[in-house]
Chemist: 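Quick one: structure below, then a few questions.
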Amino acid sequence: MRMTKRTNIAMRVLMYCAVNHGRLVRKVDIAEACECSENHLAQVVNQLSNLGYLNTLRGRNGGIELGRNPQRIRIGEIFRALEGEVEEGLCFADVDQSCPLIAACRLREALQAAAEAFFARLDDVTLEELVCDNEVLAKILQPALCVS
């Protein structure tokens with residue numbers, strides 16, 4: 001399975017917020033650390049906020065923070081929310097139902113089972129597991145604090 005750019009950015013945002021758990025972070029800092037455009041990031045932050053994964057605070061002293069404890073955020077539910085459920089009859093490129101093998105193809109069933117296993121495996125992983133004791137990730141995702 002391939003992850004869409006939106007889900008990729010969402011995972012970066014959530015990991016950034018988890019590494020910086022307990023404080024408000026700025027979109028500009030996330031965009032810089034995660035190497036993504038602020039425009040794409042804003043769309044993803046809005047979607048994650050609507051889904052309850054992030055809290056946002058507008059204004060001069062505003063920012064973004066996790067909307068839930070990282071222990072309670074399951075990666076499988078993030079993928080399902082952003083990528084959608086596994087389609088029945090998943091196939092490589094059979095959008096128009098033009099494949100001559102449809103009536104007898106067992107590959108579709110295998111692909112369906114593989115996609116379900118993919119999501120099931122991600123259900124076992126929490127956001128906390130991705131960031132906890134990951135010092136290299138923390139160095140990448142903690143913004144440099146200005147010293148005046």
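Sequential numbering from 1 along the given sequence is applied to the chain's residues. Bear in mind that the values here come from a model prediction, so they are computed numbers and not experimental data.
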Chemist: Specify the closest pair of heavy atoms between P70 and A18, including all atoms of both residues, with the distance to one decimal.
Modeler: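 P70 and A18 have their closest heavy atoms at CB-CB, 4.4 Å.
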Chemist: Hey, are R72 and N69 close enough side-chain-wise for a donor-acceptor pair under 3.5 Å?
Modeler: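 No - no donor-acceptor pair under 3.5 Å links their side chains.
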Chemist: State the NZ-OH distance between K27 and Y16, to the nearest 0.5 angstrom.
Modeler: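 Going from NZ on K27 over to OH on Y16, the span is 13.5 Å.
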Chemist: Does L137 form a side chain to side chain contact (heavy atoms under 4.5 Å, CB included) with V131? I'd like the steps, not just the answer.
Modeler: CA-CA 7 Å; L137 183 69; V131 301; 3.7 Å; yes
Chemist: In terms of hydrophobic clustering (I, L, V, M, F, W, Y; side-chain heavy atoms under 4.5 Å; direct or indirect links), are V136 and M11 co-clustered?
Modeler: yes
Chemist: For residues L141 and N20, report the shortest heavy-atom separation together with the two atoms involved.
Modeler: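 Scanning both residues completely, I find the closest heavy atoms to be O-ND2, 3.0 Å.
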Chemist: When rounded to the nearest 0.5 angstrom, what distance separates CG in L41 from CD in E32?
Modeler: 12.0 Å
Chemist: For R6 and L82, which heavy atoms make the closest approach, and how far apart are they?
Modeler: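 Closest heavy-atom pair between R6 and L82: O-CD1, 4.5 Å.
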Chemist: Test side chain to side chain contact (heavy atoms under 4.5 Å, CB included) on L54 and N46 and set out the steps.
Modeler: CA-CA 8 Å; L54 295 178; N46 186 48; over 6 Å; no
Chemist: Would you name the heavy atoms of L51 and A81 that are closest together and state the gap between them?
Modeler: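 Heavy-atom minimum between the residues: CD1-CB, 3.8 Å.
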Chemist: For R68, check salt bridge (charged side-chain N to carboxylate O under 4.0 Å, His left out) against everything at least two apart and list the hits.
Modeler: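 Salt bridge (charged side-chain N to carboxylate O under 4.0 Å, His left out) list for R68, sorted by chain: E77.
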Chemist: Mind checking the CD1-CD1 spacing from I30 to I9? Nearest 0.5 Å is all I need.
Modeler: 11.5 Å
Chemist: Quick one, V13 with Y53, criterion side chain to side chain contact (heavy atoms under 4.5 Å, CB included). Give me CA distance, side-chain angles, the key distance, then yes/no.
Modeler: CA-CA 10 Å; V13 168; Y53 295 110; over 6 Å; no
Chemist: Measure across C17 and V25 and return the closest heavy-atom pair with its distance rounded to 0.1 Å.
Modeler: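 Heavy atoms only, the tightest pair is SG-CG2, 3.9 Å.
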Chemist: Is it true that the side chains of Q47 and Q43 contain a donor and an acceptor less than 3.5 Å apart?
Modeler: no
Chemist: For residues 118-129, run the donor-acceptor check on the side chains, cut-off 3.5 Å, and write out each pair with its distance to 0.1 Å, sequence neighbours left out.
Modeler:
| unit_1 | atom_1 | unit_2 | atom_2 | d |
| --- | --- | --- | --- | --- |
| D123 | OD1 | R80 | NH1 | 2.6 |
| D123 | OD2 | R80 | NH1 | 3.1 |
| D123 | OD2 | R80 | NH2 | 3.0 |
| T126 | OG1 | E129 | N | 3.2 |
| T126 | OG1 | E129 | OE2 | 3.3 |
| E128 | OE1 | Q71 | NE2 | 3.3 |
| E129 | OE2 | T126 | N | 3.1 |

Chemist: Between CE of M15 and SG of C34, what distance do you get to the nearest 0.5 Å?
Modeler: 7.5 Å
Chemist: What closest approach, in Å, do G63 and L24 show between heavy atoms, and which atom pair accounts for it?
Modeler: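 Of all heavy-atom pairs spanning G63 and L24, the closest is C-CD2, 3.9 Å.
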Chemist: Look up atom CG in L107 and atom CD in Q112, then write down how far apart they are to the nearest 0.5 Å.
Modeler: 11.5 Å
